[in-house]
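None of these values were measured; they are calculated from a predicted model.
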Amino acid sequence: TASANVYLLLAEALAQTGQDTAALRILQQAGQQAGQQTLDEPAFRLSMAARLDSLGRHAEAEAELIPALKGPEEAAARLALAELYTARREWERALQVLEEGLPRFPNHPQLLMRQASLAWMLGHGANFSKGLQLALARRPQDAALRLALATSLATRASRWKARTSYAKA
């Protein structure tokens, strides 16, 4: 609803100025006034999870994100949940959340890029750069993707491929 969007914008503005507790209170007020339908909206859940996470209330943030995995904001929820797990040093769990989303979102550059970076960090096989290559195929002009691919290839001693990718960035 329109009033829920106003609350979301206000909460985001407060969060951007470092007022996370006030932002969370605004979202809680919105939930009380607007009812369950607003609470179940994916954008509301993502915003609530971000505020809870920023206040160190990670378990509550996770509880907000889990239902969003079955909605229209699933890709964003997967990225947020992976970041939550990464912050808690649960890297394998973060990687799993991303990899479960890739079959449904095979062309999602952020999912591909984050999955590749976690796979690289965890030393998962020689094909960790596959996600970056897929993302780059979808967005060939993306300099950040080219740089990420060049970096990942350079660390694998694929110097020629790395130089080629970097030169195009």
One pair to check against side chain to side chain donor-acceptor pair (under 3.5 Å): Gln28 and Gln32. What are the steps and the verdict? CA-CA 6 Å; Gln28 290 168 333; Gln32 290 170 353; over 6 Å; no

Can you tell me how far apart CG (Leu27) and CZ (Phe44) are? Round to the nearest 0.5 Å. 5.0 Å

Of the non-hydrogen atoms in Ala77 and Ala68, which two are nearest, and what is the gap between them? CB-CB, 3.7 Å

For the student: nearest non-hydrogen atoms of Arg45 and Ala63, plus distance: NH1-O, 4.4 Å

Can a donor-acceptor pair be found, under 3.5 Å and without considering hydrogens, that links the side chain of Ser47 to the backbone of Ala43? no

Spell out, yes or no, whether Leu55 and Leu52 are grouped together once hydrophobic residues are joined by side-chain heavy atoms under 4.5 Å, including indirect joins. yes

How close do Ala49 and Ala61 get, counting heavy atoms only, and between which atoms? O-CB, 3.4 Å

Whichever hydrophobic residues join Val97 through chains of side-chain contacts under 4.5 Å: Leu46, Leu65, Ile66, Leu69, Leu81, Leu84, Tyr85

Among residues two or more places apart or on two chains, list those pairs meeting salt bridge (Lys or Arg N to Asp or Glu O under 4.0 Å) that have a residue in residues 104-117. Glu74-Arg104, Glu83-Arg114

Between CG of Leu118 and CG of Leu98, what distance do you get to the nearest 0.5 Å? 6.0 Å

Check Ala94 against Ala82 and note the closest heavy-atom contact, atom names and distance. CB-O, 3.4 Å

Determine the minimum heavy-atom distance between Leu95 and Leu122, stating which atoms define it. CD2-CD1, 3.9 Å

Salt bridge (Lys or Arg N to Asp or Glu O under 4.0 Å) for Arg57 and Glu62? Distances and angles first, verdict last. CA-CA 9 Å; Arg57 295 166 61 179; Glu62 182 178 1; over 6 Å; no

So Leu24 and Met48, do their side chains get closer than 4.5 Å, heavy atoms only? yes

From the options Met113, Glu73, Gln110, select the one residue that forms a side chain to side chain contact (heavy atoms under 4.5 Å, CB included) with Leu79. Gln110

Side chains of Leu112 and Asn107, heavy atoms from C-beta outward: is any pair under 4.5 Å? no

Using 4.0 Å as the upper bound for N to carboxylate O, is an ion pair formed by Glu60 and Arg51? no

Which is it for Arg25 and Thr21 under the side-chain contact (heavy atoms from CB on, under 4.5 Å) test, yes or no, and what are the steps along the way? CA-CA 6 Å; Arg25 276 197 299 267; Thr21 303; 3.3 Å; yes

Can you tell me how far the CD atom of Gln96 sits from the CD atom of Glu90, to the nearest 0.5 Å? 11.0 Å

